[in-house]
Amino acid sequence: MLYPFKEIEEKWQKLWQEKKSFKAEVSDRPKFYCLEMFPYPSGKIHMGHVRNYTISDVHSRYKWMQGFQVLHPMGFDAFGQPAENAAIKNKSKPGLWTRKCIDWMKEELKKMGFSYDWDRELSTCDSSYYKWNQWIFLKMFERGLAYRGKSNVNWCPSCETTLANEEVIDEGCWRCHEKVQQKELEQWFLKITEYKERLLEDLKQLAHWPQRVIAMQTNWIGKSQGVEIYFRLKDSDKVIPVFTTRPDTIFGATYVVLAPEHPLVKELIRGKPREKEIREFIEKVSRESKIARAASDVKKEGIFTGSYAINPVNNESIPVWIADYVLMEYGTGAIMAVPTHDQRDFIFAREHNLPMRIVIGRIDNSRTQEPQELNEAYEGEGIQVNSGQFDGLPNQEAKIKIAQWMEKEGTGKIQTHWRLRDWLISRQRYWGTPIPIIYCRQCGVVPVAYGDLPVKLPEDAPFTGEGGSPLGKVKEFVNTPCPKCKAPARRETDTMATFFDSSWYFLRFCSPQSKDSPFDIGEAKYWMPVDQYIGGIEHAILHLLYSRFFTKFFKDLGMIGFDEPFTRLLTQGMVLKDGEVMSKSRGNIVDPDSIIKQYGADTLRLFILFAAPPETELEWDDRGIEGAFKFLNRVWRIQENLKEKADPQLIKALHRAIKKITEDFEGFKFNTAIAGLMELVNAIYQFGADKAVFSQLLIMLSPIAPHFCEELWQGLGNAQSILKANWPKYDPSLLVEENITIVIQVNGKVRGTIAVNKDISEDKLKEACLNDEAVKKWLKDSAVKKIVVVPGKLVNIVV
RNA sequence: GGGCGGAUGGCGGAAUUGGCAUACGCGGCAGCCUUAGGAGCUGCUGGGGAAACCCUCGGAGGUUCAAAUCCUCUUCCGCCCACCA
């Protein structure tokens, strides 16, 4: 007979809701804040959600049972483009569509039996939430951290909006993959670069984050030390600053290259004989996509400007070129080229017959090479040559000496460069937080007064899907008096990037009803920081970096006292089917709802944890889910045959299991924890369980299969929820075996085993091993050289 | 090109961190039970071999009494970043 999962799950979900079993309240108990990355309400949950939220849920329930006061909230990241696309398609409104999706999704989440405190639910599209986005924006504006700038922005012609650098993937829009164009617009930026040192430095505090996330953030921030070197133009007082991380190669700089967009270019080429040709070249490059420009196998194109610069260390005249491989966005938009020691420069120099000079000699090669002998640039370590007074120094040492010397001479300046750019948050979109700014002819850019917040998003903007922001077409929204002079003025019609919304929601969860501030300072002091954060690796850079930035900003406002929002981070792996990521386009989706209908949520939870460790990819297997269901049925049948008193052997097995399973829960090794539970169940089938052993099994299984265990727990006569039960503790004395099995090896190969008392002396053990019948035949003709004894484990006889 | 992570039976995956490779499950095989259910229970199940034994953790070397685990070289796969000066 199969256990009646449908009735059981409905029954307990209802009871949990009625009793508010997962209500998080400030108390004397130690707190534990367990958070998963909240979903975008697309309407349906997918296996990725199921996996993410099951991991969090098991961890939360485990912490409850360990006596923690747990905060485990859920909400919806509800602003964003899909709602607008759906509204256009269905001739509906984004708000209506989104709220319907939220309702559907909540139903599905509830069917999974997740232990959320639903009283804390929030949606970022509610004005009670986004009001505080606007408040935060104004605070940043006051401090100069939100600013307006003219900028060449990434423009997606399909979505008709700008994109952050971070949202451009392989030169396409991150959402629709349409090729991104460049367009100059007035935009709002957040000055995240102001926090770059702290964002980098504080990564050291994150001892419990995955190494690779730390590495990705470090690379994204991209700190690099080097020297800014000043190349004076020949016959001019103009200077080209150049950034390099390799000042040790300065004596080998044989030409200078400017990015085509470099501000000096126009002036440099004016009146030169090939001016027209150069202009055409620049035109051509600017039309090229960044993909083509970035492809390393593509020939590096360039053109001589006709001007020369002076290498400040040796006063040589070297030509100034323009080339597509130099980027305006990085460094100073100009480089010094050292073809012998930089592969890109090498290719370019060979292509255009530019001079080369070796300045770093290979350590392993005594013969000095000539540049024409080179097949590629030498980028490794070496000894300085052709470098004036620095000849003979190891280049690492010369790097520092040359930098210091140049700084003293005034020809260069030691500098640090960063890859991190300011964060563009303006979106020419409707379904987002309105930016609380008013433009007045008289007063200019005027912030909305705090008292006038929220600037509400009008719910009935026209949706045609054509051109520009629908907000701009709502006259009642756009036209407003200037807060300062009361003259007619216009509102900003751009909205905020949705990453803004998700950069502080974890703080809002501490006090979601708070009416006077984004979050209650006392509540946040109790609950924050988040003890365990769980989500997908795809957010390793953006969301986590922005959240860290906001946290530091709140600290600067004096609202919180810590630097980092997420103490521990777990990034779960993707769910695959037939070796590929589950996705609609591949048509390999397994719908969680159909699995729940067929086997119940407990089986789904059990399987998804058992199939793989949380961090690795998980291959979906329809037969595996049957196995999980079979296991629960096997546990179900135990209640029919309970004994009066359990066998001592089973008690030992139980305590071994408690130790293993507890350790595995601590380390998020749910797959082996479940294996441990299965072993315990196998032992129960062998020896027969009593009520006490069965109870302990249920407690340990309950975070994984909560409805199922509540039902059996109640069946054992318990009036209270199993969540209130204490997590079992093992008795170490029961783990010690009087007689242990020792492995006997001869020359490292297993030749037998021997059962001995645990306290046997080493000599006696050696003797017993040498006299073992199975071992003797391996020893007969050889002399024993050495015997290695690993206490309690094995004996290795070397002959 | 750079960074990170992988590779273990027919499959998903274990291995106390250098100490019995393949726990647990799936699949397969056999038996039992049967009011024949796609149920349940009990065994067996890495490869070769009649056996004694031998071989096996992507491949090749090395360190060690002992290697899936440490070192060197190498092949393949995944993710992220990328003319970053």
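Residue numbers start from 1 in every chain, and the chains themselves are labelled A, B, ... in the order their sequence lines are given, proteins ahead of strands.
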Geometric class of the A/Tyr330/A/Phe243 ring pair [parallel <30°, tilted 30-60°, perpendicular >60°]: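 Taking A/Tyr330 first and then A/Phe243, their aromatic rings stand perpendicular (interplane angle over 60°).
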Mutual orientation of the aromatic rings belonging to A/Phe5 and A/Phe629 [parallel < 30°, tilted 30-60°, perpendicular > 60°]: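 Taking A/Phe629 first and then A/Phe5, their aromatic rings stand perpendicular (interplane angle over 60°).
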Please measure how far the [atom1] atom in [N] lies from the corresponding atom in [M], and state the result in whole Å.
| N | M | atom1 | value |
| --- | --- | --- | --- |
| B/C26 | B/G19 | P | 29 Å |
| B/U8 | B/A67 | C1' | 14 Å |
| B/A60 | B/U75 | C1' | 11 Å |
| B/C44 | B/G38 | P | 27 Å |
| B/U64 | B/G18 | C1' | 9 Å |
| B/C24 | B/U42 | P | 13 Å |
| B/U72 | B/G5 | P | 14 Å |

Measuring from the side chain of [X] (C-beta onward, heavy atoms only), which nucleotide among [options] has the closest atom?
| X | options | answer |
| --- | --- | --- |
| A/Ser224 | B/G19, B/A85, B/G27 | B/A85 |
| A/Thr245 | B/G19, B/U42, B/A85 | B/A85 |
| A/Trp220 | B/C83, B/A82, B/G40 | B/A82 |
| A/Ile541 | B/C80, B/C65, B/G19 | B/C80 |

[X] vs [N]: side-chain N/O to OP1/OP2 distance below 4.0 Å:
| X | N | result |
| --- | --- | --- |
| A/Arg344 | B/C84 | yes |
| A/Lys749 | B/C55 | yes |
| A/Lys630 | B/A39 | no |
| A/Tyr330 | B/C83 | no |
| A/Arg637 | B/C41 | yes |
| A/Asn682 | B/G25 | yes |
| A/Asn671 | B/A14 | yes |

B/C53 pairs with, by Watson-Crick or G-U criteria that keep both distances under 3.5 Å: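 B/C53 is paired, partner B/G48.
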For B/U42, the Watson-Crick or wobble partner whose two distances fall under 3.5 Å: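 By the stated definition (distances under 3.5 Å), B/A30 pairs with B/U42.
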Sugar-phosphate, base or nothing in reach of A/Arg623, heavy atoms under 4.0 Å: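 It contacts sugar-phosphate atoms only.
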Sugar-phosphate only, base, or nothing, as touched by A/Pro210 at under 4.0 Å among non-hydrogen atoms: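 If one applies the 4.0 Å heavy-atom cut-off, A/Pro210 turns out to touch nothing in the nucleic acid.
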Side chain A/Thr254, main chain A/Pro355, donor-acceptor under 3.5 Å: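 Checked: pair present.
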Residue pair A/Asn682 / A/Arg634, side-chain donor-acceptor N/O under 3.5 Å: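 A donor-acceptor contact under 3.5 Å links the two side chains.
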Test item: side-chain donor near acceptor, A/Tyr599 and A/Glu626, under 3.5 Å: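 Looking only at side-chain atoms, A/Glu626 and A/Tyr599 do form a donor-acceptor pair, the distance falling under 3.5 Å.
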Atom-pair distance (CD1 on A/Ile704; C1' on B/G25), nearest Å: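 Spelled out: CD1 on A/Ile704 to C1' on B/G25 is 14 Å.
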